[in-house]
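Letters A, B, ... are given to chains in the order of the sequence lines, protein chains preceding strands, and every chain is numbered from 1.
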There are 4 protein chains.
Amino acid sequence: MSIVIKGGTIVTALDKYKADIRIDGEKIVAIGDDLERDGDEIISAKGCYILPGGVDPHTHFDLDFETYSTADDFESGTKAALAGGTTTIIDFATQDKGKTLNQGLDKWNRKSKGKTYCDYGFHMAISDWNNSVSGEIEDMVNKGITSFKIYMTYKNILQMNDGDIYKALKRSKELGVLIAFHCENGDLIDSLIDEAKSQGKKSPKYHPLTKPIEVEKEAITRLLQIAEMANAPVYIVHLSTRKGLEEVIKAKLRGAEVYVESCPQYLILDDSHYELEGFEGAKYVLSPPLRNKENLDGLWRGLKLNEIDTIGTDHCSFNFRGQKELGIDDFSKIPNGIPGVEHRISLLYTYGVKTGKIDINKLVQLTSTNPAKIFGLYPKKGNIAVGSDGDLVIWDFNKSSVITAKNQFHNVDYTPYEGYEIHGEIQHVLLRGNRVFSRGKIIGDVQKGKFIKRVKLGGVNSNV
Amino acid sequence: MSIVIKGGTIVTALDKYKADIRIDGEKIVAIGDDLERDGDEIISAKGCYILPGGVDPHTHFDLDFETYSTADDFESGTKAALAGGTTTIIDFATQDKGKTLNQGLDKWNRKSKGKTYCDYGFHMAISDWNNSVSGEIEDMVNKGITSFKIYMTYKNILQMNDGDIYKALKRSKELGVLIAFHCENGDLIDSLIDEAKSQGKKSPKYHPLTKPIEVEKEAITRLLQIAEMANAPVYIVHLSTRKGLEEVIKAKLRGAEVYVESCPQYLILDDSHYELEGFEGAKYVLSPPLRNKENLDGLWRGLKLNEIDTIGTDHCSFNFRGQKELGIDDFSKIPNGIPGVEHRISLLYTYGVKTGKIDINKLVQLTSTNPAKIFGLYPKKGNIAVGSDGDLVIWDFNKSSVITAKNQFHNVDYTPYEGYEIHGEIQHVLLRGNRVFSRGKIIGDVQKGKFIKRVKLGGVNSNV
Amino acid sequence: MSIVIKGGTIVTALDKYKADIRIDGEKIVAIGDDLERDGDEIISAKGCYILPGGVDPHTHFDLDFETYSTADDFESGTKAALAGGTTTIIDFATQDKGKTLNQGLDKWNRKSKGKTYCDYGFHMAISDWNNSVSGEIEDMVNKGITSFKIYMTYKNILQMNDGDIYKALKRSKELGVLIAFHCENGDLIDSLIDEAKSQGKKSPKYHPLTKPIEVEKEAITRLLQIAEMANAPVYIVHLSTRKGLEEVIKAKLRGAEVYVESCPQYLILDDSHYELEGFEGAKYVLSPPLRNKENLDGLWRGLKLNEIDTIGTDHCSFNFRGQKELGIDDFSKIPNGIPGVEHRISLLYTYGVKTGKIDINKLVQLTSTNPAKIFGLYPKKGNIAVGSDGDLVIWDFNKSSVITAKNQFHNVDYTPYEGYEIHGEIQHVLLRGNRVFSRGKIIGDVQKGKFIKRVKLGGVNSNV
Amino acid sequence: MSIVIKGGTIVTALDKYKADIRIDGEKIVAIGDDLERDGDEIISAKGCYILPGGVDPHTHFDLDFETYSTADDFESGTKAALAGGTTTIIDFATQDKGKTLNQGLDKWNRKSKGKTYCDYGFHMAISDWNNSVSGEIEDMVNKGITSFKIYMTYKNILQMNDGDIYKALKRSKELGVLIAFHCENGDLIDSLIDEAKSQGKKSPKYHPLTKPIEVEKEAITRLLQIAEMANAPVYIVHLSTRKGLEEVIKAKLRGAEVYVESCPQYLILDDSHYELEGFEGAKYVLSPPLRNKENLDGLWRGLKLNEIDTIGTDHCSFNFRGQKELGIDDFSKIPNGIPGVEHRISLLYTYGVKTGKIDINKLVQLTSTNPAKIFGLYPKKGNIAVGSDGDLVIWDFNKSSVITAKNQFHNVDYTPYEGYEIHGEIQHVLLRGNRVFSRGKIIGDVQKGKFIKRVKLGGVNSNV
């Protein structure tokens with residue numbers, strides 16, 4: 001039996017046109033007029049846009065710290081993903097200091113196994129560099145993990161020094177894999193926090209002041225210099241600053257291969273939130289912090305000019321009660337992160353496409369096609385074309401609603417977007433040809449989500 | 001009756017996948033597996049790539065000067081286009097000094113009428129700016145001519161001064177149309193030519209020395225400044241220099257909307273050709289001139305980084321005997337221009353895709369999708385998708401050949417690519433569902449080519 | 001008989017120290033402690049600074065237009081110069097279109113002869129370029145005129161096109177002379193004025209809007225490109241914009257030799273003056289116009305960073321009554337220019353040195369040493385050293401006053417600095433060892449002022 | 001009794017003129033014609049230039065490592081300084097890890113006491129940052145040490161991390177003192193050395209390859225970012241790269257206060273020396289390493305454009321036999337450094353002034369005036385003016401000689417300039433009015449050299 005989706009407008013990174021879609025099993029087999037045959041299941045998409053399922057390249061589900069974990073685990077996190085039109089997420093498995101990459105991967109397999117509602121993969125975060133880890137990289141590739149992550153901040157926990165970054169990049173070049181970087185200068189941040197606290201500055205509004213634009217810009221500049229020396233491509237996660245973007249552009253003109261991710265929060269939420277009364281600002285404590293309007297504008301322009309390649313969420317949720325409150329007397333103890341996997345696409349639609357900043361093809365490119373291409377999921381994921389997985393989202397963009405913590409699929413007690421209007425109501429989500437979400441409800445069970453072994457990346461040379 | 005193209009690999013600006021294509025009348029109606037039905041005409045594309053028909057945004061057919069005209073007219077020119085996989089060309093109708101735009105258009109209608117084998121449109125080149133011309137712009141738009149051209153060189157003939165350029169751009173902004181610019185500083189060129197000739201430097205090798213990189217860079221910088229003042233988009237034709245490109249990138253970062261075209265000759269042929277013996281260098285006299293390897297490399301990088309949007313040909317052919325020879329004693333009298341419409345796609349494939357500089361999706365984007373988008377032909381032209389025109393080229397890229405003047409469809413007595421190997425043999429070309437070229441032969445007659453009324457442009461915000 | 005100046009603090013571009021100065025005839029012969037001998041004339045400089053006489057490289061005295069002339073001629077202008085501590089001025093002799101340079105020089109000799117109270121020289125402004133003018137350049141050099149001027153604005157009157165600028169620069173390089181440039185794009189200005197007037201915008205506040213930052217920046221960028229092609233040094237007069245300065249710096253880094261002049265008005269007066277009630281804004285109509293605070297700050301930084309070499313005045317005065325009023329119904333008819341030769345040094349002291357933006361050595365450098373070096377007057381002029389001319393100004397910087405039109409030496413009916421406080425009261429001015437001004441009064445007669453034949457320039461490589 | 005120097009040409013950062021100089025005691029009391037009186041000691045300077053005594057802001061005398069010390073101590077080092085026209089040196093006292101600044105200073109006082117032939121001061125190098133060291137800074141200032149040094153390389157020995165650099169700069173800003181930085185990224189260097197050695201690359205030619213341009217540029221970029229955050233001035237020692245200089249210029253345009261030093265070796269010696277046969281390249285092992293011609297040219301241009309403020313030597317000598325040879329099997333064990341204090345001025349004269357790259361005023365500025373100004377010695381040192389110390393060098397620049405190890409005052413067994421011609425023979429050196437060197441011989445004894453308590457710096461705002 002086949003499914004035919006009728007009457008919708010197909011939107012890809014390139015096109016927008018009316019046609020039906022026919023799915024056999026897990027794959028799209030035809031696109032055209034009048035594809036219906038006897039016995040087909042028909043899904044009407046009349047008046048709707050059909051987008052390829054979203055790919056979120058940056059989530060942190062069930063991330064554990066010494067005494068607490070993130071509010072969302074793989075179950076609530078991936079349900080929220082589907083509810084937001086994202087059918088594939090890539091989470092960060094993490095090596096603990098002194099342990100192996102394989103031990104990190106095992107831990108993340110345990111966290112995700114049997115709990116995951118959408119398709120998924122892992123990046124592997126490396127916290128120690130040594131010969132043994134260098135050897136394990138190849139192992140990871142064989143297991144379908146073809147991208148890695150290094151932190152330039154979080155001193156003594158995750159931060160890697162420049163010498164080890166160089167070595168890791170030389171190795172990544174050798175194997176043709178990609179390393180993603182969190183670019184902030186951790187040494188400077190620690191001194192700035194010391195300085196602030198020594199002056200009695202301990203409320204949430206000092207969070208952004210101790211992680212200023214300069215610490216991101218500096219880390220990006222330095223990383224790009226090291227990457228040029230190692231002749232290796234890099235991926236910059238959650239870019240938040242215009243100046244950081246300018247450094248990227250300069251490096252590309254010198255010949256560097258750099259991919260850039262930003263997040264809805266850096267495009268839509270500005271740093272005025274840190275001025276909120278009482279401890280409310282803690283809801284916006286994340287790293288890098290929110291920035292001012294000049295930066296927001298700069299990032300929107302970056303999207304338009306193809307200088308930013310992907311929009312991820314960096315979903316990393318903590319409850320306000322009990323978790324964010326750990327830092328009530330000291331902003332530096334507030335767990336860093338916000339939820340977002342559920343609202344990525346509708347926020348980008350509402351605040352980007354509706355306002356004319358980008359067009360809807362660009363939205364698809366940023367939230368689906370490019371993440372799929374860069375991270376070795378394409379053309380299986382990221383497109384609506386014959387042969388691709390039947391991962392489809394049927395949106396009615398005429399409908400709108402308002403974000404509230406109460407109604408979200410995220411398992412967290414607040415949302416940074418409380419009261420924000422969003423356009424776009426999902427009618428149906430198909431995952432590999434299966435309807436997994438319809439009109440506000442998850443359908444079926446967790447076995448639907450599959451770990452996707454990713455291939456080595458091809459880049460986005462073709463520019464979509 | 002419908003046509004089904006079977007067994008090929010469809011290549012668009014975004015995708016590469018195997019599927020059949022079904023055409024009813026002039027349009028694509030389905031893409032998928034097993035689309036064949038009884039009574040269909042079947043075209044086999046086995047082992048071949050199917051690309052959307054090429055769109056060449058820059059040709060000069062039947063361009064007349066006081067005492068001579070270009071070697072190719074609309075008949076030979078558009079036959080050559082089809083033979084090279086290009087199904088739509090946009091030529092430059094030109095206002096003569098002191099005459100109206102409508103007079104210019106009438107002239108070009110006469111030149112093209114009943115002689116054109118592929119679909120076509122016109123840009124309108126403006127040589128005089130005044131209130132009456134300003135009024136005629138709207139007229140042109142109504143006639144389907146939504147793009148214009150201004151020259152910053154060819155003093156006393158076509159060159160427009162900065163003040164008039166500003167006025168023209170303000171007007172273009174008002175009407176939502178696009179102006180294309182030939183960016184070279186004509187005043188400086190004339191002084192450099194005077195200087196060279198006063199020193200007895202009269203052979204073809206002095207052509208590039210009197211049109212150095214600086215005169216292009218300067219004109220681009222100046223144009224972009226004026227465009228920012230007028231807040232109008234611009235299109236730069238035949239970019240030849242890395243420095244010019246850097247100016248474009250800086251302007252885009254400041255918020256300018258700029259589209260850039262380059263040509264195969266600026267990517268593949270370098271300025272060593274001016275050192276050829278005798279008068280052979282005259283075969284490479286065009287404006288701007290060929291550049292050195294550093295510039296070629298910079299332009300290839302520009303393609304990869306999405307900083308160059310289109311590849312046109314600036315096809316403007318003159319016979320070596322009798323025409324180029326007019327300048328045998330004075331390089332400044334050599335007619336400027338070279339042929340190229342026939343070899344655009346295969347040259348870009350051979351020297352770009354085969355060498356790994358760009359991928360084949362990028363090739364489609366540059367030679368078809370982007371010109372169609374920028375110049376108001378999309379999605380009718382420029383893509384393989386349900387609803388688009390059945391303009392298709394079936395290429396066998398396993399086959400190769402060698403360019404020689406003798407075998408070309410161009411009606412000119414030499415080729416600047418004599419002896420160059422090219423990969424890609426065309427099996428069939430379809431124009432709006434009609435087979436118009438097969439295995440080396442034009443099929444049918446001139447009535448196939450239609451003037452396309454273009455709509456106002458949408459730009460390439462979606463980046464493909 | 002000798003003069004000994006006792007008890008003062010000598011200030012040069014380099015030093016500040018207490019010592020006496022001994023002058024024999026026209027020259028300084030010793031600097032040291034206890035230089036007094038029997039029979040010397042003693043001038044006390046107790047509590048005062050002694051600065052080298054100012055050199056103003058940019059004045060327009062007795063400049064004639066069709067129906068009127070500037071308010072100041074060589075008599076009132078050079079008296080005002082002395083009263084402001086300036087002992088040498090360089091005015092602009094100007095070639096009329098269609099006439100020769102020698103005819104221009106003759107005219108300026110007539111204007112200045114027997115009327116000049118301080119030492120002086122001429123730059124020669126060229127309005128027509130042709131072979132005969134090219135030949136006359138050498139003639140000028142022999143007559144002690146080693147610097148020239150070209151306008152990039154004032155279309156149809158003085159504006160020179162890019163091709164002629166190139167030829168002039170090649171010639172200047174050949175002869176080792178320097179050309180000064182007024183950098184504004186005259187074609188754009190004319191279109192902007194047309195546009196404004198067609199919209200009924202005719203009051204003085206539209207003056208700056210039709211000569212925006214971009215027209216200066218563009219002209220500078222273009223000039224520097226041409227200068228690089230000609231490999232010739234250039235001098236930019238009356239720089240008013242930060243962006244223009246950035247272009248200069250980039251060009252210097254590429255190897256260009258560029259000298260930059262700014263004026264007190266561009267450092268001290270901002271564009272809020274154009275918002276004055278009624279026709280008052282006309283008092284500030286000059287070209288380029290006044291700019292906003294960001295530009296003022298940028299120019300002050302340029303002084304500090306040695307990127308601006310000289311401070312001239314562009315003194316070009318018109319009476320408000322009867323002259324500025326010519327444009328009462330049309331800002332484009334207001335004569336362009338303001339007075340200033342009298343207040344250059346005290347304004348720079350008050351608003352630069354007193355505020356800590358520059359130190360007093362820098363003031364001497366900008367107003368005396370550098371103009372002398374660049375224009376071939378050094379070490380005769382521009383310094384206090386053994387062997388230099390006895391051009392000295394004894395300032396009491398503890399005293400202050402307020403600028404008013406009524407009290408000025410300028411022969412013009414207003415001052416743009418009405419009510420501005422200035423620090424620095426001149427006790428005495430010596431010109432080649434002669435006391436020519438003391439406590440508010442000109443001493444002696446016009447024969448004191450001598451035409452100085454200038455040598456070719458040595459530049460400011462030594463950086464002072 | 002007074003000294004009168006007769007018949008010479010005085011050269012300062014600003015001037016060049018003939019005059020006599022009269023010294024009473026330690027100070028200059030008059031400059032002028034005919035200053036001689038009965039009883040004066042007359043020194044003839046006929047045919048000679050008289051320059052202010054040189055100030056070398058960067059020497060390492062008697063620097064001790066675990067098992068060896070530099071070849072030159074304060075005795076041989078300061079004799080060589082005088083022999084080269086340098087009358088004041090500033091050496092680097094160094095804090096040992098875990099010890100106090102005062103302990104470091106005591107050590108350097110012991111090294112220098114009673115052994116120093118010219119005047120001298122100390123910078124204090126900080127290797128550990130903590131609250132106690134922060135407190136000691138003020139102590140140092142009171143002892144006349146107003147400048148400090150931090151290393152960004154030499155990991156685990158001297159390298160300071162970014163967080164501590166920030167803290168140190170905040171403190172320096174508070175106290176108005178200046179920190180000098182050795183800008184190379186030590187982490188990257190260590191990884192590059194590991195990489196080279198793991199590939200068996202152990203000869204001297206791998207020294208520069210493991211300290212490439214990028215590690216200097218990166219460190220400079222990072223430092224300037226931190227300095228901007230701390231709003232503190234910085235001084236960059238021994239700049240070796242054009243790209244590093246470009247970063248400085250960009251930072252200055254953003255408002256940073258940055259002083260730059262380079263050394264004769266980075267202007268005159270290129271990296272071809274690493275290709276010398278056998279172990280000869282070890283003679284040129286210093287950090288940063290020598291660079292190629294493009295960088296040499298860039299630094300010369302930096303001198304001319306006032307972007308480089310001082311020329312020091314980084315004199316740090318090791319014998320080839322027994323010391324450089326420690327690294328015969330492993331380039332990373334070769335002691336880093338070369339001699340140079342003796343030849344600084346004559347090399348700069350010969351390869352800069354004689355070749356027309358700079359003028360002689362610029363030479364004085366770089367080697368005497370600017371170091372004196374920046375490091376709080378001016379106007380006592382660094383100038384020839386009434387009231388300044390009688391530190392004078394009488395040069396005969398018509399005479400030339402050839403550098404050989406055998407004839408040098410340096411106490412080291414080779415010279416990197418073996419066989420280099422130099423122009424300029426010193427006739428006499430006066431230190432505070434005392435003749436201390438004449439025609440090739442040191443006169444008198446060590447007591448002549450005095451420790452100079454330096455004041456806080458005033459910068460070089462006045463640009464000389």
Going by an N to O cut-off under 4.0 Å, is there a salt bridge joining D:Lys373 and D:Asp309?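 So D:Lys373 does not pair with D:Asp309 through a salt bridge.
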Could D:Lys250 and D:Glu247 be called an ion pair, given the rule that one side-chain N must be under 4.0 Å from one carboxylate O?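 Salt bridge flag = yes for D:Glu247 with D:Lys250.
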Region of [X] in contact with chain C, defined by heavy-atom distances below 4.5 Å:
| X | value |
| --- | --- |
| D:Ser388 | neither |
| D:Ile249 | side chain |
| D:Lys16 | neither |
| D:Glu246 | neither |
| D:Asp15 | both |
| D:Leu305 | side chain |

Show the atom names and distances, to 0.1 Å, of all donor-acceptor pairs under 3.5 Å that link a side chain in residues 26-37 of chain C to residues at least two apart or in another chain.
from, atom 1, to, atom 2, distance (Å)
C:Glu26, OE2, C:Arg432, NH1, 3.0
C:Lys27, NZ, C:Asp389, OD1, 2.9
C:Glu36, OE1, C:Lys6, NZ, 3.4

Check the orientation of D:Tyr235 and D:Phe375. Use parallel for under 30°, tilted for 30 to 60°, and perpendicular for over 60°.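 If you compare the ring of D:Tyr235 with that of D:Phe375, the planes turn out perpendicular.
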Scan residues 15-46 of chain D for pairs that pass ring pair (Phe, Tyr, Trp, His ring centres under 6.0 Å), counting only residues two or more places apart or in two chains.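 Qualifying pairs: none.
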